[in-house]
Amino acid sequence: MGPGLFNDRGDTFANWRPFWLFPKTNSRTSGVLLPTFGEDATLGFFLRDFGYYIGLSDYADLTNMGTYYSNGSYEVSSALDYMKRYKYSGGLKLSYGSHNYALPGDPPSRDFHIDWRHQQNPSASPGSTFSASVNAGTSSYYQNNPASNNYNLQTLTQNSLASSIAYSRTWAGTPFNLTTSLSHSQDLVRKTVSLTLPDINFSMTSINPFDKKDRVDEQKWYQKITMAYTMQASNSIRSVPESQLFKSETFTKRLQNGIQHNVPIGVNFNLFDYFQFSGSMNYTDRWYFQSVRQRFARADSLVTDTVPGFTRVGNYSLNASLSTRLYGLLNFKNSKLMAIRHVITPNIGFSYTPDYSGLNRPYNRLIVSNATVPYPVIYQRYSIYQSSLYGGPSGVSRRVSVLVLIIIWKLN
């Protein structure tokens, strides 16, 4: 046997298998993402999904990717994924595409899409919650970017998109609660968008404002008065074409917003030891930042204009009732039925709501056509709040009711 190389066990190196050792580091790393090659029947040859991965921190990373086609079309995207254990997790992806599907020289089809998801751990922040699910973009994004979604049939044929971002907060030890949300809905067939930016609800549960915290004796009648409060605010746009969404007229003419305050006040107490009195008052106040004006134009066609400017209107209603109970015993002689015990509950009630429909109210208007003989004159009444989010006060109610209820309670 000729000379050879041996290890310490006498095996020749000819029987060894090659191997390599790669050190594993504990630090964050970044690197290039290799693309794939191919051909698209419409867009030509492509270099797909090349990019760069960045390890931002122990809690987040960023992936930037792009695709280029030989006819000049391209797609780019940036995806951020994040997670903090026991706190939150989520991801944000921004995508943009420019595709030349038309004839040479025609402008390309440009589309974008936003995808954001966020989830908060329930125990991360006691008393508050936050969540997000955003799926928004141009209506033609999925049709013009099929490769980015792996030609998913369900994605390509969907008819709508929807998004929701919500936050709620409850203050411990207080009667206050806050919820707010932003929502988006999009019709991909009609190419219309509806937005609510935002919708706010702030409320205070029922309290006794005149009662004492350290009271030890029995409640006085005024200490039984209860009061609550609710505030609703909204800012929305309904069914706006995509092409008009970011135009100034959309936010000045089609934007609907308003704030509504509601304060219910009530009281219940015994009167002269034998009567139960119940009373309530409800007050509603509405704040608006635009209202409508109507007029007759040529040929008596009705024209409605939206007028910017702050206005407010309030309305209230009153209710009261007084009731008692009368107990009686009806005895029978020489009968198997010895007696009937019964209760009579008489009740008298009163309710009042002012008349808000009269023309003496500044928000109710009357318009008259400019017709001349022989055309008939047209009259029309309207409220400047008739197209507003919470409407306006209307109607009249005055009522007094008396009720006597007889109930057979017990047979002896």
Item to check | Trace of the ring-ring contact (aromatic ring centres under 6.0 Å, His included) decision for Y288 with Y385 | outcome: CA-CA 9 Å; Y288 292 118; Y385 302 119; 5.2 Å; yes
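- At distances below 3.5 Å, not a single donor-acceptor pair connects side-chain atoms of N262 with backbone N or O atoms of T230.
- With hydrogens and angles disregarded, no donor-acceptor distance shorter than 3.5 Å links the side chain of Q119 to the backbone of S131.
- Shortest non-hydrogen contact noted between D81 and G91 is OD1-CA, 3.9 Å.
- Remark: K191 does not engage D187 in a salt bridge, criterion side-chain N to carboxylate O under 4.0 Å.
- In this structure, F269 and W221 have tilted ring planes: the angle between them lies in the 30° to 60° band.
- Under the 4.0 Å criterion applied to side-chain N and carboxylate O atoms, K212 and D217 are not assigned as salt-bridge partners.
- Between Y101 and N144, the shortest heavy-atom distance links the atoms OH-O, 3.1 Å.
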Checklist entry - Does the pair Q290 and Q256 meet the rule for a side-chain hydrogen bond (donor to acceptor under 3.5 Å, both in side chains), with working shown? => result CA-CA 8 Å; Q290 72 280 318; Q256 288 187 310; over 6 Å; no
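- At least one donor-acceptor pair under 3.5 Å links the side chain of R381 to the backbone N or O of S357.
- Ion pair D211/K224 not flagged as a salt bridge, since none of the NZ, NE, NH1 or NH2 atoms sits closer than 4.0 Å to an Asp/Glu carboxylate oxygen.
- Proximity of Q294 to T304: side-chain heavy atoms (C-beta onward) are separated by under 4.5 Å at one or more points.
- Side-chain atoms of S278 do not come within 3.5 Å of backbone N or O of N268 as any donor-acceptor pair.
- Side-chain atoms of V263 and T284, non-hydrogen and from C-beta on, never get closer than 4.5 Å to each other.
- Taking the six-membered ring where the residue is Trp, Y352 and F350 present parallel rings, their angle staying beneath 30° rather than reaching 60°.
- Results of the side-chain hydrogen bond (donor to acceptor under 3.5 Å, both in side chains) test with H184 over S163, S194, S164 single out S163 as the only residue that passes.
- Proximity of I367 to Y382: side-chain heavy atoms (C-beta onward) are separated by under 4.5 Å at one or more points.
- Between the side chains of H99 and E75, at least one donor N or O lies within less than 3.5 Å of an accepting N or O.
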